[in-house]
Structures are given as structure tokens and as C-alpha cells.
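Numbers restart at 1 for each chain; the letters A, B, ... are given by sequence-line order, proteins then strands. Keep in mind that the numbers below use all heavy atoms, side chains included, and drop hydrogens, waters and symmetry copies.
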2 protein chains.
Amino acid sequence: MTDNPTERRTQLAERLKEARKLAGLSQGQVAKLLGLHRPSVSEMEAGNRRVSADELSQLAELYDVSVAWLMGEVPETVDAADPRLQLAARELSKLKPEDLERLLKLLAAMRDDTSDPKEP
Amino acid sequence: MTDNPTERRTQLAERLKEARKLAGLSQGQVAKLLGLHRPSVSEMEAGNRRVSADELSQLAELYDVSVAWLMGEVPETVDAADPRLQLAARELSKLKPEDLERLLKLLAAMRDDTSDPKEP
DNA sequence: ACGGATGGTAAGATAATCTTACCGCCCTGA
DNA sequence: TCAGGGCGGTAAGATTATCTTACCATCCGT
């Protein structure tokens with residue numbers, strides 16, 4: 001299972017280390033660039049220290065990788081399975097951002113209203 | 001500047017709140033599902049508490065959005081990479097066929113109506 | 001108005017991180 | 001050979017953030 005918390009932290013740690021080396025940086029350089037102390041970087045890569053969202057974002061930028069890759073998120077484009085979804089997504093992509101926002105809110109409302117009575 | 005640390009935290013906070021509501025969940029439900037206390041969720045959405053990588057990942061999964069969108073990462077491919085599109089598409093898939101039909105017509109109408117004057 | 005659900009916030013207890021320091025390893029040059 | 005420097009891992013007390021419980025206000029549906 002990939003959503004085990006411990007496994008997740010371990011994978012992030014490994015990828016942080018891998019990405020840093022690929023970027024040709026030392027822990028000390030990273031620490032200085034992010035305004036941290038070197039042990040903090042070391043512990044991040046050992047999986048013994050949490051990585052905050054801010055730090056994650058800065059690290060991804062610094063290492064020139066995506067946050068998604070660091071986290072082991074599957075690339076996952078829109079589900080190719082259902083053709084209706086493809087059609088819908090195509091239509092959605094033509095909308096202006098604000099229209100999309102309104103639509104999303106509408107959808108959420110529809111789902112809440114029309115759900116069957118047994119739903120907790 | 002989008003990589004200002006304070007702005008980043010604020011944007012994440014806003015998106016967490018937005019995504020949660022779009023997912024139709026209360027702070028209490030989220031807290032229970034993630035094994036947190038409700039105030040923690042509240043502070044996350046207020047930008048007063050850091051969000052760890054683990055939590056970020058779990059929240060993204062729970063809300064059916066990508067981590068990248070939560071963090072405000074610029075979409076690399078403007079294509080189907082927009083998590084809002086994925087979310088919307090997923091929502092659409094829950095609709096009954098006839099409702100989807102009507103919605104698609106509505107989308108087309110929105111697209112035509114709200115276009116700027118130069119549009120043919 | 002009541003009861004229940006929701007969300008914001010406070011304060012002390014708790015757990016995490018920070019900071020400094022020391023350690024060993026691997027180079028490289030004197 | 002061995003001093004010097006860079007690198008990375010780890011320990012321990014100081015510091016800071018988070019947790020936990022609690023109280024409050026607001027909004028609904030009854």
C-alpha cells in the first residue's frame with residue numbers, strides 16, 4: 001500500500017536526497033539557501049523530521065523537480081476510461097476560470113441536494 | 001511574487017478550505033478521517049499552522065485534488081493537468097446521464113455568453 | 001426557543017524542531 | 001603521513017510549535 005504514512009515519509013526522504021544530489025547541492029548549501037540549519041536537512045532526508053508545505057515547495061523549486069514527484073504522486077491525467085468524462089473535461093477546459101469556479105460550486109450543491117436520505 | 005513564504009502559506013490555507021468545501025466535508029469530518037483534532041484543521045485553513053507533507057498528501061487525496069494545485073504550483077501542461085478540471089470531471093461522472101446532458105448544453109451556453117466582445 | 005452541527009479561538013500540557021556541538025569518513029595537497 | 005577542509009550523521013538541552021481540552025458564537029432545522 002502506498003498510502004501508509006511511514007512509507008510515504010520514507011519515500012519523500014529518499015526523493016529529497018536523490019533530487020538534491022541530482023541538483024548537485026550539498027546539505028549545507030541547501031540549508032543556507034532555505035534559511036535552515038544543516039541538521040534539519042539531514043533529518044529531512046533521513047525521514048526523522050517532517051517537511052512542511054512551504055519547505056516542500058521551496059525544495060522542489062531548488063531541485064528543479066515537481067512537488068508531485070517528490071511526494072510520489074501518480075502523474076494521472078484525467079481518467080481516460082470514461083468517454084463521457086473526456087467530453088466533459090474538454091468542455092470544462094474551454095471555460096473561463098471564474099465560470100469553472102461557479103460550476104464547481106454548483107456541482108457540489110447538486111450532489112448534496114440530490115443525495116439519497118440514507119447518506120450519513 | 002508568488003514564492004513569498006507568507007503568501008504561499010496563505011494560498012495553501014485558502015485552497016485547503018476551498019477544496020474541503022468542494023468535497024462536501026466539515027472540518028470535524030476531515031479531522032477524524034486524518035486522525036487529527038478539529039482545531040488543527042481550523043488552524044491549517046487559517047494559515048496559522050504548518051501543513052506537513054504527509055498531511056498535504058492525505059488532504060489532496062481526500063479532497064480529490066492534486067498536491068500541486070493545493071500548493072499553487074503552475075500547471076506544467078495547461079492541458080488536463082489542472083486538478084480543478086479533474087475534480088469537476090469526477091463530479092460530473094456522478095451525475096445521471098440526462099443531467100450531464102443538460103449540463104453540457106449549459107456549458108456551451110456559458111462559453112458563448114460570457115465571451116469577450118471580440119469573439120465571432 | 002431548543003438542540004445539534006459547525007467553525008473560531010484560548011491556555012496549559014505535550015511533542016516537535018532548533019541550535020550547537022562532536023563524531024567519523026573521504027579527499028587532496030603539503 | 002598527516003593536516004586541512006568539506007561532507008554527512010547524530011546527541012542533548014533550549015526553544016518553539018503543535019496538541020488537547022474547553023468555551024464561545026453562529027447558523028439551521030425542529
Legend entry - Atom-pair distance (CZ on A:R50; P on D:dT16), nearest Å: 19 Å

Legend entry - Atom pair distance, as rounded to whole Å: NZ in A:K32 and P in D:dG6: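 Result: 10 Å.
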
Legend entry - Separation between CZ of B:R50 and CG of B:L56, rounded to the nearest 0.5 Å: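 Here the interatomic distance stands at 13.5 Å.
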
Legend entry - Interatomic distance, A:L36 atom CG to A:Q58 atom CD [nearest 0.5 angstrom]: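 Output value for this atom pair is 7.5 Å.
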
Can you check nucleotides 4-10 of chain C for protein contacts, nitrogen or oxygen pairs under 3.5 Å, and list what you find?
{"from": "C:dG7", "atom 1": "OP1", "to": "B:R20", "atom 2": "NH1", "distance (Å)": "3.0"}
{"from": "C:dG7", "atom 1": "OP2", "to": "B:Q27", "atom 2": "N", "distance (Å)": "2.7"}
{"from": "C:dG7", "atom 1": "N7", "to": "B:R38", "atom 2": "NH1", "distance (Å)": "3.2"}
{"from": "C:dG7", "atom 1": "N7", "to": "B:R38", "atom 2": "NH2", "distance (Å)": "3.4"}
{"from": "C:dG8", "atom 1": "OP1", "to": "B:K17", "atom 2": "NZ", "distance (Å)": "2.7"}
{"from": "C:dG8", "atom 1": "OP2", "to": "B:Q27", "atom 2": "NE2", "distance (Å)": "2.6"}
{"from": "C:dG8", "atom 1": "OP2", "to": "B:S42", "atom 2": "OG", "distance (Å)": "3.1"}
{"from": "C:dG8", "atom 1": "N7", "to": "B:R38", "atom 2": "NH1", "distance (Å)": "3.3"}
{"from": "C:dG8", "atom 1": "O6", "to": "B:R38", "atom 2": "NH2", "distance (Å)": "2.6"}

Legend entry - Nearest heavy-atom neighbours spanning A:A13 and A:A46: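 For A:A13 and A:A46, the tightest heavy-atom pair comes out as CB-C, 4.3 Å.
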
Donor-acceptor contact below 3.5 Å, side chain [X] vs main chain [Y]:
X	Y	value
A:R15	A:W69	yes
B:Q29	B:S26	yes
A:R20	A:V30	no

Legend entry - Stem list, DNA chain C (Watson-Crick or G-U pairing under 3.5 Å, at least 3 consecutive pairs): C:4-30 with D:1-27

Legend entry - Closest listed nucleotide, where the reference is the side chain of A:R49 and the choices are C:dT20, C:dT17, D:dC19: C:dT17

Legend entry - Side-chain N,O (B:H37) to OP1/OP2 (D:dT20) below 4.0 Å: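 Result: yes.
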
Inset, instruction - In plain terms, say whether B:E55 and B:R49 are close enough for a salt bridge, that is, a side-chain N and a carboxylate O under 4.0 Å apart. - result: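 Salt bridge between B:E55 and B:R49, a charged N being under 4.0 Å from a carboxylate O: yes.
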
Inset, instruction - Check the side chains of A:S40 and A:E43 for a donor-acceptor pair under 3.5 angstrom, ignoring hydrogens and angles. - result: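 There is no such pair (donor and acceptor under 3.5 Å, judged by atom type) between the side chains of A:E43 and A:S40.
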
